[in-house]
Amino acid sequence: MKIALAQLNPTVGDFAGNSAKILEFAHRALQRGADLAVFSELCLCGYLPMDLIERPQFIDRNEWELGALAKRLPIPSIVGYAARTTGSTGKSAANAAALLVDGKIAFVQHKMLLPTYDVFDESRYFQPAARQSVFSLGGQKLGITICEDIWNDKTFWAAPLYERDPVAELVAQRATLIINISGSPYTINKRSLRLDMLRALARSHGLPVVYVNQVGGNDSLVFDGESVVVMPDGRIPVQASAFVEDLVLFDTETNESIPHPQPTTELHLVLQALICGTRDYVSKSGFRAVIVGLSGGIDSSVVAAIAVAALGRENVLGVSMPGPYSSDGSRSDARQLAQNLGIEFLTIPITDVFHSYRTALTEAFQNQPENVAEENLQARVRGNYLMALSNKLGSMVLSTGNKSEMAVGYCTLYGDMAGGLAMLSDVPKTMVYDLAECINRERELIPRASLEKPPSAELRPNQTDQDSLPPYETLDRILKAYIEDVKSPEQIASQLGFDIELVRSIAGNVDRNEYKRRQAPPGLKITSRAFGLGRPFPIVQKFNP
């Protein structure tokens with residue numbers, strides 16, 4: 001049997017567009033001699049659909065589109081969709097895979113294991129499968145599973161999350177091939193974990209595993225694709241490319257090896273994830289162009305460079321908004337970056353407007369010393385400028401704050417946090433510098449001065465970030481341990497050798513600034529614990545770790 005791994009980029013709710021993609025790839029698979037095309041999890045409706053699942057019309061549309069698709073597909077195909085169901089939990093939908101053959105729905109398998117960790121909350125929406133069943137096609141006994149169903153192999157995990165193992169149940173029914181359709185988002189180092197898990201699964205059961213993953217961005221999630229076949233000996237005969245739509249064929253008889261080129265480092269994967277996520281978030285939201293406030297610093301430089309890679313230089317506007325404390329170097333660095341990237345560049349000073357604000361507030365601020373209020377006024381003037389341009393030009397503003405700043409609240413509500421997408425909100429400051437070097441690997445796009453000068457918000461004379469924060473190398477290690485590894489301040493201080501009062505101060509800042517992050521634009525998730533959907537914390541709480 002020749003199996004086509006059809007790696008698509010669906011859009012949530014775009015049934016017509018998703019169906020058209022499925023048909024296009026099925027015809028391409030037929031032209032290349034495939035006997036079966038396999039598509040990703042919920043590809044018909046897009047993943048994650050979240051509370052759309054609770055709308056009966058949404059499930060009705062899934063069922064109707066699936067039936068219409070079955071009549072038009074040129075070859076047998078496995079398609080993920082949201083199915084109507086009834087069961088003991090009271091849920092009216094199932095996460096399902098349909099095998100469509102000769103114009104009909106020949107077989108349907110529901111997802112058994114419903115994850116509730118990280119960004120997933122599938123038990124909220126879906127009725128789990130009661131059983132797994134094999135289906136015979138083309139001389140193979142297909143064991144069809146959906147995403148999480150293969151992530152519970154007792155030979156790989158020290159502490160499995162579920163009592164049942166859908167793959168083992170299919171192997172007991174003499175399955176000859178395990179097929180998994182997935183919507184598995186990218187996170188740093190997940191690629192190696194996933195391959196290790198798939199190898200262990202194929203080895204323990206002595207069967208090839210065909211794994212088809214979604215690609216592209218939907219909201220904060222970015223899916224890397226990298227659909228793959230893993231043989232029982234650990235060999236990978238075929239693998240689709242990362243972060244692009246792709247179609248690869250696996251021949252169960254010849255096991256011919258034709259893997260597509262893959263990124264060589266994790267940092268390159270991160271960069272591709274941000275490019276892909278930005279492109280899809282902007283375009284799927286109905287925008288064509290973006291606006292970036294250019295300060296001459298490293299964060300806005302990286303955001304602008306990624307925006308150009310994602311959307312084209314003709315669709316990126318850079319705006320310099322110098323204030324009373326902006327250095328000549330920062331102004332020239334912003335201008336040089338725009339020239340290097342070939343983007344349109346505007347300069348709109350804020351000093352006069354800032355002084356007007358201060359004049360208007362003189363009476364209200366009387367007898368009060370200058371503090372962060374005056375600093376934040378400058379950021380908010382800039383935010384107003386950017387949003388005015390957004391309204392006038394119909395372009396999306398990309399905010400430029402990174403994870404380190406967002407974590408401890410070193411950012412201004414309605415100022416530098418203004419925008420439609422916080423591209424770097426899950427990227428630690430130290431990684432922002434690494435990304436800049438990666439962007440500059442072929443030629444200097446980001447000026448060297450932006451990489452070498454001390455980071456500063458330039459909201460008061462001679463200000464640097466380290467006036468308020470520890471060095472980013474220290475801060476980022478503490479933040480990773482506290483946010484991603486869920487360590488207590490005492491554990492962090494003991495294991496990493498930092499002063500306990502410093503760690504407690506940083507942890508306290510993280511907890512206190514949840515209210516800011518809740519008002520931030522959505523960001524692109526690249527770590528195991530991003531702020532937002534996958535890390536729900538109360539804003540008002542008194543727990544002190």
Side-chain angles (χ1 to χ4, degrees), residues 10 12-13 40-63 66 79-98 108-133 143-154 156-170 179-187 190 193-194 197 201 211-214 218-223 484 486 522 525 528-538:
V12 173
S40 59
E41 179 180 14
L42 294 180
C43 63
L44 187 58
C45 62
Y47 189 80
L48 293 163
M50 295 191 282
D51 276 16
L52 286 173
I53 292 293
E54 297 183 341
R55 297 190 175 187
Q57 306 96 316
F58 188 79
I59 305 302
D60 292 344
R61 185 69 183 274
N62 270 270
E63 295 278 2
L66 186 76
V79 174
Y81 76 110
R84 186 184 299 108
T85 189
T86 57
S88 59
T89 66
K91 305 298 181 184
S92 60
N95 187 336
V108 172
Q109 176 64 58
H110 293 175
K111 188 174 184 176
M112 178 176 286
L113 306 184
L114 303 179
T116 57
Y117 55 85
D118 193 24
V119 299
F120 308 106
D121 193 9
E122 294 200 15
S123 291
R124 175 186 175 98
Y125 305 112
F126 296 123
Q127 167 78 22
R131 65 187 64 83
Q132 297 287 139
S133 302
I144 300 173
T145 59
I146 304 173
C147 203
E148 189 79 357
D149 289 341
I150 62 170
W151 288 82
N152 203 46
D153 181 19
K154 64 180 181 297
F156 184 76
W157 301 104
L161 292 178
Y162 312 92
E163 293 182 357
R164 297 180 67 175
D165 182 350
V167 176
E169 295 182 21
L170 290 167
I179 293 177
N180 183 263
I181 65 171
S182 276
S184 180
Y186 169 79
T187 57
K190 187 175 183 179
L193 172 66
R194 183 193 292 148
M197 182 273 296
L201 191 71
Y211 170 87
V212 179
N213 191 25
Q214 177 173 312
N218 276 319
D219 287 358
S220 294
L221 302 185
V222 189
F223 300 84
E484 296 174 40
V486 201
K525 174 179 165 62
S528 59
R529 292 231 174 192
F531 296 124
L533 186 62
R535 190 182 179 272
F537 268 73

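These numbers come from the heavy atoms of this one structure, side chains and all, not from hydrogens, waters or symmetry mates.
Judged as a ring-ring contact (aromatic ring centres under 6.0 Å, His included), and not counting sequence neighbours, Phe156 has no contacts. For Arg529, there are no salt bridge (Lys or Arg N to Asp or Glu O under 4.0 Å) partners at least two apart in sequence or on another chain. A search for ring-ring contact (aromatic ring centres under 6.0 Å, His included) contacts involving Phe120 returns Tyr117, not counting sequence neighbours. Partners of Asn62 by side chain to side chain donor-acceptor pair (under 3.5 Å), not counting sequence neighbours: none found. In terms of the side chain to side chain donor-acceptor pair (under 3.5 Å) criterion, residue partners of Lys190 (sequence neighbours excluded) are, by chain and number, Ser184. For Glu41, the side chain to side chain donor-acceptor pair (under 3.5 Å) partners are Asn95, Lys111, not counting sequence neighbours. Scanning for side-chain contact (heavy atoms from CB on, under 4.5 Å) contacts around Ser528 gives Glu484, with sequence neighbours left out. Applying the side-chain contact (heavy atoms from CB on, under 4.5 Å) rule to Ser133 yields the partners Phe107, Gln109, Arg131, Gln173; only residues at least two apart in sequence or on another chain are considered. Qualifying side chain to side chain donor-acceptor pair (under 3.5 Å) partners for Arg164, counting only residues two or more places apart in sequence or in other chains: Glu169. Not counting sequence neighbours, the partners of Arg535 by the side-chain contact (heavy atoms from CB on, under 4.5 Å) test are Ile483, Val510, Glu514, Arg517, Phe531, Phe537. Applying the ring-ring contact (aromatic ring centres under 6.0 Å, His included) test to Phe126 and every residue at least two apart in sequence or in another chain returns nothing.
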Glu54 and Tyr125: side-chain contact (heavy atoms from CB on, under 4.5 Å), yes or no, with the steps? CA-CA 7 Å; Glu54 297 183 341; Tyr125 305 112; 4.1 Å; yes
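Within the structure, salt bridge (Lys or Arg N to Asp or Glu O under 4.0 Å) pairs that include any residue of residues 80-90 comprise Asp60-Arg84 (at least two apart or interchain).
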